[in-house]
Amino acid sequence: MSDVPVIGVLALQGDVREHLAALAAAGADARPVRRRHELDAVDGLVIPGGESTTISKLVDIFELREPIDKRIAAGMPVYGSCAGMIMLAAEVLDGRADQRGFDGIAMTVRRNAFGRQVDSFEASVEIAGVDGEPFHAVFIRAPWVERVGPDVEVLGRVTEGPAAGRVVAVRQGNLVATSFHPELTGDRRLHRYFVDLVRAA
Ligand code: GLN
């Protein structure tokens with residue numbers, strides 16, 4: 001693979017533009033993915049924040065479910081933030097009965113976990129494998145991770161406030177997920193981490 005990996009952003013719903021900009025700034029050739037042939041052209045994929053129930057429906061309408069599951073099984077790196085984390089979870093609590101994710105990370109996530117009064121909040125999170133300051137993490141109706149399988153590495157937890165200790169970043173092989181939205185804060189370290197992962201894959 002070239003030094004500039006081609007990374008797609010699943011562009012069905014959610015904050016697609018922000019991820020495209022963050023990936024480009026992190027050294028990728030970033031492209032929206034809505035169609036099968038666009039998926040075939042990428043080395044890695046980002047599933048953005050948005051609304052997982054809507055993304056789940058649109059994945060079926062755009063006939064992308066089986067192709068994405070197959071690419072994941074073949075080792076394609078995928079990074080999901082927030083709704084994207086939910087789409088990568090093997091099990092979802094407080095989901096809609098008909099929402100379905102990909103064959104992704106062996107974890108259980110709880111949707112909208114941080115409480116109904118506090119829809120959004122910010123906290124600092126340290127991510128294993130990412131040097132420097134803790135992340136200034138923005139959570140918007142975010143999930144957290146309640147259980148992980150033995151092959152899942154916990155990369156980060158909330159370090160302060162009422163949600164302290166909650167798992168909000170994980171990795172299993174080439175799949176990475178965060179509850180928060182680094183694409184919204186101008187901190188490109190997580191996108192660089194993912195671009196490096198795609199380059200190495
Ligand atoms: N609550 C949303 C969901 O269930 C996720 C929110 C987000 O991505 N900011 O998909």
Side-chain angles (χ1 to χ4, degrees), residues 7-23 30 32-34 44-62 64-65 68-69 72 78-125 127 135-148 155-158 161-163 166-171 175-191 193-194:
I7 301 186
V9 178
L10 187 63
L12 304 177
Q13 191 263 338
D15 62 345
V16 174
R17 263 189 316 173
E18 290 81 355
H19 274 292
L20 288 170
L23 287 167
V33 167
R34 277 185 208 89
L45 185 69
V46 167
I47 307 176
E51 179 47 60
S52 57
T53 55
T54 306
I55 295 174
S56 169
K57 262 190 217 133
L58 292 172
V59 161
D60 287 324
I61 290 169
F62 282 73
L64 284 172
R65 186 172 300 279
I68 291 176
D69 275 339
I72 289 175
V78 183
Y79 166 44
S81 70
C82 204
M85 170 188 260
I86 296 168
M87 289 300 297
L88 283 176
E91 188 185 19
V92 178
L93 305 176
D94 293 337
R96 273 181 50 146
D98 61 349
Q99 84 178 93
R100 273 179 63 210
F102 298 114
D103 274 332
I105 299 176
M107 63 177 171
T108 302
V109 301
R110 187 176 294 281
R111 272 179 82 217
N112 303 338
F114 288 94
R116 313 223 175 266
Q117 290 94 334
V118 206
D119 266 357
S120 315
F121 75 103
E122 304 182 8
S124 70
V125 176
I127 301 291
F135 275 81
H136 180 74
V138 175
F139 298 87
I140 305 166
R141 285 175 292 106
W144 66 41
V145 180
E146 297 216 345
R147 276 191 295 271
V148 294
L155 297 181
R157 296 173 188 269
V158 178
R166 289 294 178 181
V167 173
V168 292
V170 295
R171 174 170 176 178
L175 307 177
V176 178
T178 64
S179 306
F180 56 96
H181 293 269
E183 72 278 11
L184 298 181
T185 51
D187 187 334
R188 301 304 180 222
R189 287 175 297 163
L190 227 127
H191 288 81
Y193 173 94
F194 184 64

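Values below: every heavy atom of this structure, side chains too, minus hydrogens, waters and symmetry copies. Counting starts at 1 for both ligands and their atoms, following the listed order.
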Heavy atoms only: give me the nearest [X]-[Y] pair and the separation to one decimal.
X: Pro143; Y: Ser179; result: O-OG, 2.8 Å
X: Val16; Y: Ala11; result: CG2-CA, 3.6 Å
X: Leu10; Y: Val59; result: CD2-CG2, 4.2 Å
X: Arg100; Y: Ser56; result: N-OG, 3.0 Å
X: His19; Y: Ser81; result: NE2-OG, 3.0 Å

Distance under 4.0 Å to a non-hydrogen atom of [X]: what atoms of ligand 1 satisfy this?
X: Gly49; result: 8 (O)
X: His181; result: 7 (C), 8 (O), 9 (N)
X: Ile86; result: 3 (C), 4 (O), 10 (O)

So for ligand 1, is Arg141 a polar contact partner (N or O within less than 3.5 Å, distance only)?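 Right, the criterion is met.
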
Backbone or side chain, does any N or O of Ile140 fall under 3.5 Å from an N or O of ligand 1?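 Right, the criterion is met.
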
Where does the angle between the aromatic ring planes of Phe114 and Phe139 fall among parallel (under 30°), tilted (30 to 60°) and perpendicular (over 60°)?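 The rings of Phe114 and Phe139 sit tilted, inter-plane angle from 30° to 60°.
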
Students should be able to answer this: which protein heavy-atom is nearest to [atom], and at what distance?
atom: atom 4 (O) of ligand 1; result: Arg111 NE, 2.6 Å
atom: atom 7 (C) of ligand 1; result: Cys82 SG, 2.8 Å
atom: atom 1 (N) of ligand 1; result: Asn112 OD1, 2.6 Å

Is the cationic atom of Arg189 (NZ for Lys, CZ for Arg) positioned less than 6.0 Å from the six-membered ring centroid of Phe135 and within 45 degrees of its normal?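 Yes.
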
One residue to check: Glu51. Relative to ligand 1, which of side chain, backbone, both or neither has a non-hydrogen atom less than 4.0 Å away?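 The answer is both, backbone and side chain.
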
Below a 4.0 angstrom heavy-atom separation, can you tell me which part of Ile55, side chain or backbone, both or neither, approaches ligand 1?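 None of Ile55 does.
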
Counting heavy atoms only, which of Gly50, Pro48, Ser52 comes nearest to atom 5 (C) of ligand 1?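 Among Gly50, Pro48, Ser52, the closest heavy atom to atom 5 (C) of ligand 1 comes from Gly50.
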
Side chain to side chain, Val78 and Phe102, heavy atoms closer than 4.5 Å: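 No, side chains not in contact.
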
